[in-house]
Amino acid sequence: MYIEKYKEVYCKKIGTDSTNEILKRSYEILEETLDENRQPNKQTGLLVGKVQSGKTSNFLGIIATAFDKEYYDTVFLVGGIDNDLLRQNEERVNEVFDDISDDRGYMTCAVFSSASIKSEKNNLNQNRFFQGDNNKVIITILKNSRHFSDILDLINNNPLIWSKRKVLIIDDEGDQGSLDGNANTKKDGPTKWNETINNIRNSLTHFSYIAVTATPYANVLIDTYDNLSPKFIKLTYPGQGYSGLSVFHSDEGNERYVRIVPDEEAERLRDSDNQNDSEVQNIEKSLEEALSFFICSSIDLLMKKQKYTKSEMLLNIVRVKNDHKIIKKRLDKFLIELRKGIDDYFNDKKDIEKLWLFEFINKGFKILYDRKIDENGDYDFLERFKYAVQDVNSFIINSSPGAKRLNESSIKNKHVIYIGSDLLSRGVTISNLIVAYIIRDTLLGKNNADTILQRARWFGYRDKIINNMKIYTTEKIANHYFDIWIMENNLWEYLERIDLEGLSCEELIDKIFLELPTSELRPTRRNVADVREVAIKSWSIQRKYHETKNIELDYFEKISEEAKIEQFGTRTFRVKEYSNWNNFCSESHIDSYIINKVLAKREQVVFEGSWEEKPVKVVLMQPQSGANSMRSLGTDDKFTLHAQGANINVDYTDQNNYFGDSKIDLYDSNKGKVIIQIYKIDFKDKSKNEIAYGLYIPSLSVSGYVKNR
DNA sequence: CGAAAGGGAACGTTTAACCC
DNA sequence: GGGTTAAACGTTCCCTTTCG
């Protein structure tokens, strides 16, 4: 009955094949949530799909299947971090589940919202939908403390009822808010939302939990012992006509769809609030171009397809709400001038400001048609331009009192520009989006890959309008999307092994490696997941004083005699080579001292891969022994080991230069070898003849992040 | 050549945005 | 106005360069 209704709605939307595919997968996914007695297994699963690829359709299919097969009778749909997102989900839920009745005409499914739980709590448990076996309930829940605790109260209010319900918890955007934001901080206990979610789970007798997201980086990187660490992972593949990272942000995509905003212009736009309020500034050139393209492209669509009656543009510049106001002022001022310009042109005052007007139109026109507009030949276009400009309007989308909400019915204009940031970042669908002007960036520090990717509201089923789309952004952000594309490809390949080959999720998720070619991005918020960067830095050096054992001194003395002389640039060192790590260990017996001394808390040694098979070279770093020089120790017994840095002017292609203590690995004779530097140092406040180490492990060909535990 | 200064990244704290 | 999260801000720490 539920599957039938789902088919009824979705065959129309996405076709019979896609609908059947989703339902088939829904069944597979639900199987993962059941134990050997076909009861909910109280575990966490992860459902991953691309940004704007139809994840909602997928989990609605899961709900329909869960109800029809009687695996579950209750769904908690944790549907979003803000009201816009929740409402969008509620509308989609109601489309399928709002009006389902049995043979006798009785409703069999009720949809509640967490917003009404508190007021109805006392009689909700008496509601007939919570009684009997055949009644199904969906409760949509906002990610908000009060809403979460209302749900918890509801359950604790009547434990008898709830011990019988079989609850499927679906956590939409499950990487945001639900995970413990204190996991990697010094704060006591988990974050509020995470705590309450776990309390809800603990209060239920029969439940399973599915987190749904396009950016699962946090979910796969959290501690495996965390309740929310996934025990199974399923992928949902986008259907025909989907455009995402590979379309917009591959080499080719960048060329075709991305227009670069110069850094100075981005800077000025982000700095809008520093401008004098009484004097509204003009808009930047790149924004003018984006606006021109938006209008011209809208006209092009209207001429080609009668069906497209609306077009949308997104402006995501800064977070601060006051800045949205200023940006709107600047934009509106420009639009007024534009309207006046085109009106004057048609009111037989053709010469007035004509140059300026045509220059503006050509900015977008040239991109679309690769030629300038022809005043006579394109008269039709010009006329349409006049009407289009009259119907362009901008709206601020944020939580301010006067601001609009996305897709609000009061927005009746044909060509709509949304100005905002937080509420335009995650989950929301902007179906007629053709131009995005997105330069929001962290001013200091690194961006998070998941946050950046979730801002890509231009992804989706865009194949019919894609030739009319452009993304305006800075070079830095464009590069971020390219890098995230690489990370996504790798991650999906990895997750497919879990999904398709049936390999153990638990084992693979512990070894998860997120390839990020840049260290300007981290995969997710650092407070949520404890990760370390690998293969970017291959040197691990001793930073703290450790007492030296005799065995270390003995080895040093032994080597001093056996070692051969080698020249690194201008300097002479004594070195000894071994065929691999094991050979070195069996002769020296000091490997454990090296590892212990070198591996301070934040070390970044790469122990992955086959580095232990590589040749080992020991380098004695005190060529002039007996020098009258003593090191002093800082607080906490810290000291500097790599004293000799490279000169800034050193030419690293000339092997006759000394590159510096930390760049010994750059000499041809050291390539591909594990290098152990042994320093013999005297400390002012400690006994003499102390041994300290530096360790270099040849880097892997890729760089990225792994779990830190 | 050792040690300290200087610059930049990591880390811990505060702020802005959002909900009710 | 209180409660919460994510992001911006400001301080500390580490690495490289420069100074004596």
Side-chain angles (χ1 to χ4, degrees), chain A residues 80-86 114-115 118-119 141-150 173 175-182 184-187 190-196 218 270 318-324 397-401 403 405 420-426 440-448 450-452 454 519-520 522 524-528 530-533 536-537 539 541 543-544 571 600-604 621-624 627-636 638-650 658-663 679 681-684 694:
Chain A
I81 199 164
D82 57 56
N83 283 324
D84 280 6
L85 218 53
L86 184 67
S114 61
K118 200 173 186 76
S119 54
I141 304 169
L142 185 72
K143 288 194 188 184
N144 177 284
S145 296
R146 189 168 300 179
H147 291 242
F148 279 139
S149 58
D150 285 351
E173 306 295 351
D175 61 314
Q176 191 194 31
S178 310
L179 302 174
D180 179 13
N182 291 346
N184 196 29
T185 68
K186 285 179 176 169
K187 287 178 191 143
T191 48
K192 202 78 190 171
W193 296 2
N194 178 263
E195 189 182 19
T196 323
R270 293 191 194 110
V318 281
R319 184 177 191 218
V320 181
K321 289 194 289 190
N322 191 45
D323 289 3
H324 299 159
I397 309 290
N398 61 26
S399 65
S400 296
R405 289 309 165 97
S421 202
D422 280 12
L423 291 185
L424 292 174
S425 282
R426 194 186 258 263
R440 184 165 171 202
D441 197 357
T442 51
L443 304 175
L444 284 115
K446 292 183 181 184
N447 281 300
N448 297 318
D450 46 12
T451 307
I452 293 281
Q454 287 287 4
S519 58
E520 280 181 34
R522 55 166 78 73
T524 186
R525 292 136 293 160
R526 64 177 181 224
N527 55 320
V528 176
D530 186 13
V531 297
R532 69 193 157 99
E533 221 174 330
I536 284 177
K537 275 182 47 192
W539 274 105
I541 55 167
R543 298 206 178 85
K544 277 188 174 184
R571 298 196 185 198
K601 206 167 54 186
R602 289 178 49 250
E603 271 317 330
Q604 298 169 319
M621 296 301 288
Q622 195 75 10
Q624 297 175 9
N628 186 20
S629 56
M630 294 175 103
R631 299 279 177 98
S632 56
L633 293 172
T635 54
D636 207 14
K638 285 175 188 159
F639 67 97
T640 306
L641 193 64
H642 281 162
Q644 295 309 298
N647 186 301
I648 196 167
N649 296 319
V650 161
Y658 184 61
F659 300 153
D661 292 356
S662 63
K663 295 193 175 63
Y679 292 78
I681 299 172
D682 295 341
F683 293 102
K684 280 172 188 165

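The sequence lines fix the lettering, A, B, ..., with proteins before strands; numbering per chain opens at 1. Bear in mind that the values here come from a model prediction, so they are computed numbers and not experimental data.
- Rounded to an integer number of Å, the gap from CD of A:Gln176 to P of B:dC19 is 12 Å.
- Taking atom CG of residue A:Leu142 and atom C1' of nucleotide C:dT4, one finds them 12 Å apart after rounding to whole Å.
- The two residues A:Ala218 and A:Leu179 have their closest heavy-atom pair at CB-CD1, 3.5 Å.
- Heavy atoms of A:Lys143 sit nowhere under 4.0 angstrom from any nucleic acid atom.
- Closest heavy-atom contact between A:His324 and A:Val318: NE2-O, 2.9 Å.
- Atom CZ in A:Arg525 sits about 20 Å away from atom P in B:dT13, given to the nearest Å.
- The side chain of A:Asn83 sits closest to B:dC19 out of B:dC19, C:dT4, B:dC11.
- The side chain of A:Arg440 lies closest to C:dA8 when the candidates are C:dT5, B:dC20, C:dA8.
- At a cut-off of 3.5 angstrom, counting only N and O atoms as typed in the model, there is no donor on one side facing an acceptor on the other between the side-chain of A:Arg146 and the base of C:dG2.
- Of the candidate nucleotides B:dC11, C:dA7, B:dC20, C:dA7 has the atom nearest to the side chain of A:Thr451.
- Listed nucleotides B:dA17, C:dA8, C:dT4 differ in distance to A:Arg526; the shortest reach to its side chain belongs to C:dA8.
- Following rounding to the nearest Å, A:Tyr679 (OH) and B:dG2 (P) show an atom-to-atom distance of 10 Å.
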(request) Verify side chain to side chain contact (heavy atoms under 4.5 Å, CB included) between A:Leu85 and A:Glu173, making sure each step is shown before the conclusion. (result) CA-CA 10 Å; A:Leu85 218 53; A:Glu173 306 295 351; 4.3 Å; yes

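- Looking at heavy-atom distances under 4.0 Å, A:Asn448 makes contact with sugar-phosphate atoms alone, never a base.
- No engagement by A:Gly181 is indicated, since no non-hydrogen atom pair under 4.0 Å with the nucleic acid exists.
- In the set C:dA7, B:dC19, C:dT4, the nucleotide with an atom closest to the side chain of A:Asn144 is B:dC19.
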